[in-house]
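Just below is one structure, and these are the notes that go with it.
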2 protein chains.
Amino acid sequence: MSDRVETLRYDGETLSLIDQRILPARFETVTCSSAVETADAIRSMVVRGAPAIGCAAAFGVVLDAHRAAGQLRAVFDAELEQAFSVLAASRPTAVNLFWALARMRRIWERLGDASSTMVAQALEAEARAIYDEDIAANRSMGSHGAALLQDGARVLTHCNAGALATAGHGTALGVIRSAVESGKSISVIADETRPFLQGARLTAWEMVQEQIPVTLISDNMAGHMMSRGAVDAVIVGADRIAANGDVANKIGTYMVAVLAARHDIPFYVAAPLSTIDPDTETGAAIPIEERKPDEVLGFGEIIWAPEGVRVANPAFDVTPAELVTAIITEQGIIARPDRAKVAAHLAAAQQSHVSRGNG
Amino acid sequence: MSDRVETLRYDGETLSLIDQRILPARFETVTCSSAVETADAIRSMVVRGAPAIGCAAAFGVVLDAHRAAGQLRAVFDAELEQAFSVLAASRPTAVNLFWALARMRRIWERLGDASSTMVAQALEAEARAIYDEDIAANRSMGSHGAALLQDGARVLTHCNAGALATAGHGTALGVIRSAVESGKSISVIADETRPFLQGARLTAWEMVQEQIPVTLISDNMAGHMMSRGAVDAVIVGADRIAANGDVANKIGTYMVAVLAARHDIPFYVAAPLSTIDPDTETGAAIPIEERKPDEVLGFGEIIWAPEGVRVANPAFDVTPAELVTAIITEQGIIARPDRAKVAAHLAAAQQSHVSRGNG
């Protein structure tokens, strides 16, 4: 399925996004024709998941670039600057968004005085590269991570770090997919992941599609399952990894990590290198998005809480590196991550990138 | 409000229960005329909360006793035995249910050859005593527990251990109410408590009614709130406390206790003595009710998870005594509970009961 579900599809004119707000009840797509529409789709969580947000933002730039192409560079550049600005403001926590926009900006800057049409074409090529590289990275992450899972493993995951959170295959679910592809029998325990229910709706749906056995639980059942010996490993994705290995991910990840540590269950984070932000010293420096109260007061159109109640709705939390057994990237494994190991991994990856002639 | 909301009301002929499945959207009562109807109401969670279940079961016995009164004792006794049986099978975890039924049975047995009408009257008096004693116990627990809360404390609670879970005032929320009554400024953080949402619906509603500031969070946000220094204490209720101090309570309580321990936040359990089961050696011996999958697949009539997913739905979990800072009962505080301290507390309570002439 991971190669069949097109979380994002750019057809040269518009960007189609699977509407993840209404899955699995309905399968519909939202079509974006501009950066503003793409930013709206990111903000409202039509598309979510750090790598998918990065890809969507890149194509959002492309949409405005093509619309402005043919104009004088000064006009084109002003419109493009506006596109970058609106996309950067869509969601604050996932660093892949800023990473993808930075890649797009470098292409723009590199082309100097080229015509606006040439710049637009180059930006489209870069967005397509970001997209293709994401799938390749997930495949690579999958094969590195699959080696960590025993045959028969019961793997708990939180939120959705699947095909729907990426260009395809997924990060955490990519590891599970790759393990299954390699012949291992894996079953999944999916935290429902309130308030947006990415686990109940998206992870469960992806796993059912692929006939990988999946058991849905409320988030507050994870500790009980662990205490009963029903969990062999935890794998989650990440929205930003600080230079010291602290991991920002969907709210509730920290709870799972604390429980896993208590029960000596390995806690793995699967994320592409683009999720590691060397400019963020520790998790304390990661901005945590606070979303609207209505998500916690109910679900969708339904409100079940009484009037007059206050709400906190942090969308992410930070898991300190000390609770992370290993980070799985497309370049391999960072076991027991800390500042030195993360830096060494990034340096080795950079070296490998240069030596492949992509520097 | 605690003295105004009548979670249960017995009028001499029927038992009216506030329908806790639909609060706060609608305020309706369900009327029970028999033990079978009362057992159904307990099973379907019209009424829930360990002490409230105990009271409801006692009145369930009374309903059948009055219906069978006037018949020969053999017929009456057979019908009463049936009433006890159906009520005992309604929910397995909360020991207050079995404790209340045992109290009722002792009255029945004590009356020897008395007429069925006399037995029915004695059973009604005992049920009313259980009800009245529950409110008195909660008031006493409240004043013992209130001393543990600082002025200005931000107190996290899980599920609903309020007036709605008892005959009135509440256990965990009773402590909060008593602290507020004593002039302290207390604010509450309520875990929404999936899947039945007792926190979002019932605790939030009780606190809003009393104008005690309450912030609603998804269960998976508790760790983040603690890591940000936003929680000063945790108070929860209990469905059964084992002889060694292990606490069975609503699913997710264990998660909160583990997180509180990590953050050096006191974790209090407020429960009447009837919740302590000396016949249950440790938490491992407490039966954990597994409820129907549809509760986890969605909420109420709504299903949001895809077809084909499996579900686990344990209604309770066990928090080991080592994570409990103190148990608050109507007889005082058991700090850092263990087998010896729990036994000593029960013995002292028994002594105090006897010395008051109630033995």
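Letters A, B, ... mirror the listed sequences (proteins, then strands); counts begin at 1.
A:M225 touches chain B through its side chain: at least one heavy atom from C-beta onward sits under 4.5 Å away, while N, CA, C and O do not. For A:V208, the part lying near chain B is the side chain, with the backbone staying farther off; criterion is any non-hydrogen pair under 4.5 Å. Neither the backbone nor the side chain of B:I303 has a heavy atom closer than 4.5 Å to any heavy atom of chain A.
The nearest pair of heavy atoms linking B:D219 to A:N220 is OD2-ND2, 3.0 Å. The two atoms that bring B:L216 and A:A305 nearest to each other are CD2-CB, 3.7 Å, heavy atoms only. Heavy-atom minimum distance, B:A312 versus A:I217: CB-CG2, 3.8 Å. Smallest separation of non-hydrogen atoms from A:R201 and B:W304: CG-O, 3.5 Å. Considering all non-hydrogen atoms of both residues, A:P306 and B:A200 come closest at CD-O, 3.1 Å. Residues A:V214 and B:V309 come closest through the heavy atom pair O-CG2, 3.6 Å.
Per-residue heavy-atom pair counts under 4.5 Å with chain B were compared for A:K250, A:E307, A:H224, and the maximum is reached by A:H224.
Between B:R228 and A:E290, none of the side-chain N atoms (NZ, or NE/NH1/NH2) sits under 4.0 Å from a carboxylate O, so this pair counts as no salt bridge.
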Run B:L259 and A:Y254 through side-chain contact (heavy atoms from CB on, under 4.5 Å) and show every step you take. CA-CA 10 Å; B:L259 290 164; A:Y254 171 60; 4.1 Å; yes
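Looking only at side-chain heavy atoms (C-beta outward), B:M221 and A:D317 stay at 4.5 Å or farther from each other.
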